[in-house]
Amino acid sequence: MIWDVVIIGAGPAGLSAALFTRMRRMSTLLIETAVAGGQLASLYPKKPVHDMPSYTYVMGEDLGRNFVEQARHMDAEIREGEHVTAIARDDAANLVRVTSTKGTYEARSVIVATGGGAFEPRKINKPGEAELKGRGVEYGMPDIESCRGKRVLVIGGGDSALESALSLKDVAQVTLIHMLDKWQGMDGYVEEVRESPIRAMLETETVEIKGNGRVESVMVRHKKTGEAEELPIDVVSINVGYLMDTKIVRQWGLELEGSQIKVDPVMKTNITGVFCCGDIATYPGKYKLLITACSEGAAAANTAYIHVKRPKKFTVGELYAAPKDEGDAQPKGDES
Ligand SMILES: Cc1cc2nc3c(=O)[nH]c(=O)nc-3n(C[C@H](O)[C@H](O)[C@H](O)COP(=O)(O)OP(=O)(O)OC[C@H]3O[C@@H](n4cnc5c(N)ncnc54)[C@H](O)[C@@H]3O)c2cc1C
């Protein structure tokens, strides 16, 4: 079978693309190395997402499940636990071959939506961190129930750290520290932290995490004064970002900027028939957000549709011509 489109990665971008390719009735295969849902399912299932339009807030795992259910409802085929290792364009056959750990597929178009690839939480590399990992030292959004009634130190100054601290403020005694002199998260989160009982300290760094089999305290240093302080702590929640492993994608012959794939305004890459969306894609003004992953998924799907089905008003030349301006890049020639 030759698929109309193979989508690599079943995160919000790939699942949104699948929704739109299925609305076009393109045969659609999604290949996912882990579980469908992307970062929502694997990195922050217990975090409330506040910036998804139409929801006051929604938990990561619920939103991830909604994305998957919608794609399944549209009859996209999702294969989990299958890792894509290579893609290769065959000009003579006018298709792209996608090789995974379970086989090789032929596709008229491919959408790369691999997000951050494999994730690993960034460490702070302080004494005690490795020894007490899993015994009070946690990474990412903490589990709210297991923190109930405890003293929690959240380390970091970006959105994830602020959100982690806020999610615990009603159930735990929370201290938040950040090395720099400004918070780096959204203004709304910063304001909420200021108005909450959270003890929030800028220009404060971790010196050592102490404990005997479990975290008991954390030694911090206030950078301005040089003073050290030992905080009695039960749980350390480290939220200083993730290391994204995009090594495999780098071997696929796609034009990159840093470790991201360069796309034009309609999500085309440098390889004919290969499109890209979500966190792995880059262009001037890129934001790595759920909402942009969804919109880029829709754009990639429409461009793949034009490439595969070649609706009347489009010629191949038009599709691959550099757009004169962003308006020209819209897939306005199709029937929708
Ligand atoms: C802690 C945290 C909190 C966040 N909170 C928010 C928030 O509140 N609001 C917001 O808008 N954004 C938030 N984001 C960002 C948001 O999650 C991302 O922008 C979004 O997930 C990007 O979607 P994606 O589909 O591009 O990538 P991903 O969600 O990363 O999905 C990509 C999928 O591709 C799979 N994959 C990778 N390589 C392969 C391969 N070779 N073969 C097969 N499958 C592969 C991965 O397993 C993954 O499931 C947060 C991010 C983090 C880390």
Side-chain angles (χ1 to χ4, degrees), residues 6-19 29-53 55 57-61 63-64 67-68 71 78-87 98-102 105 110-122 139-142 156 158-164 166-167 185-186 188-189 237-252 254 259-261 263 267 276-282 286-298 300:
V6 169
I7 301 172
I8 309 171
L15 291 160
S16 300
L19 165 66
L29 171 65
L30 273 142
I31 305 179
E32 167 55 50
T33 193
V35 289
Q39 296 173 37
L40 286 163
S42 58
L43 291 185
Y44 54 98
K46 300 289 176 201
K47 181 181 91 84
V49 172
H50 293 277
D51 55 1
M52 192 68 190
Y55 289 95
Y57 72 89
V58 54
M59 297 306 282
E61 60 189 347
L63 185 57
F67 271 107
V68 178
I78 305 177
R79 297 193 189 159
E80 297 177 301
E82 184 169 346
H83 189 62
V84 172
T85 52
I87 60 169
V98 176
T99 304
S100 79
T101 41
K102 296 197 177 158
Y105 304 90
V110 164
I111 296 177
V112 180
T114 50
F119 306 98
E120 203 193 317
R122 204 183 285 275
Y139 295 88
M141 177 63 55
D159 283 329
S160 299
L162 296 169
E163 284 178 305
S164 293
L166 286 168
S167 72
M186 301 267 189
Y189 293 145
S237 168
I238 300 174
N239 284 271
V240 293
Y242 290 85
L243 296 168
M244 306 257 179
D245 180 4
T246 50
K247 258 185 244 131
I248 277 205
V249 171
R250 285 186 229 159
Q251 298 157 11
W252 293 353
L254 292 156
S259 56
Q260 285 172 284
I261 298 167
V263 293
M267 304 293 132
C276 178
C277 55
D279 278 9
I280 189 68
T282 193
K286 167 82 183 188
Y287 282 109
K288 286 188 187 178
L289 286 174
L290 293 161
I291 188 170
T292 48
C294 298
S295 99
E296 290 168 19

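Just follow the structure's listing: the first ligand is 1, and inside any ligand the first atom is 1. All figures in this text were calculated on a predicted structure; none of them were measured in a lab.
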Steps toward side chain to side chain donor-acceptor pair (under 3.5 Å) verdict (Asp279, Gln260): CA-CA 8 Å; Asp279 278 9; Gln260 285 172 284; over 6 Å; no
Enumerated ligand 1 atoms positioned under 4.0 Å from heavy atoms of Gly278: 26 (O)
side-chain hydrogen bond (donor to acceptor under 3.5 Å, both in side chains) against Ser160, all qualifying residues, sequence neighbours excluded: none
Sub-4.0 Å heavy-atom contact, Glu82 with ligand 1: yes
Leu43 contact mode with ligand 1 (heavy-atom cut-off under 4.0 Å): side chain
Set of salt bridge (charged side-chain N to carboxylate O under 4.0 Å, His left out) partners for Arg122, sequence neighbours left out: none
Atom indices of ligand 1 within 4.0 angstrom of His83 heavy atoms, with elements: 40 (C), 41 (N), 42 (N)
Atoms in ligand 1 flagged as close to Ile8, the criterion being non-hydrogen separation under 4.0 Å: 42 (N), 43 (C)
Ser100, portion touching ligand 1 at heavy-atom distance under 4.0 Å: neither
Region of Ile31 engaging ligand 1 - heavy atom pairs below 4.0 Å: backbone
Ala113 touching ligand 1 at heavy-atom level, < 4.0 angstrom: yes
Proximal ligand 1 atoms for Lys288, defined as those under 4.0 Å from one of its heavy atoms: 19 (O)
Whether Thr292 side chain and Lys288 backbone form a donor-acceptor pair below 3.5 Å: no
Plane angle bin for Tyr189 and His50 - parallel if under 30°, tilted between 30 and 60°, otherwise perpendicular: perpendicular
Option of least heavy-atom distance to atom 42 (N) of ligand 1 (set: Asn239, Val84, Val35, Val49): Val84
Within reach of ligand 1, part of Asp51 (heavy-atom separation under 4.0 Å): side chain
Atom indices of ligand 1, in the order listed, that fall short of 4.0 Å to a heavy atom of Gly38: 29 (O), 31 (O), 48 (C), 49 (O)
Salt bridge flag under 4.0 Å for residues Lys286 and Glu296: yes
Electrostatic pair Glu163:Lys47 at N-O distance under 4.0 angstrom: yes
Thr85 side chain to Thr99 backbone, donor-acceptor under 3.5 Å: yes
Location of contacts on Ala13 toward ligand 1, heavy atoms closer than 4.0 Å: both
Contact atoms of ligand 1, heavy-atom distance to Gly9 under 4.0 Å: 33 (C), 34 (O), 35 (C), 44 (N)
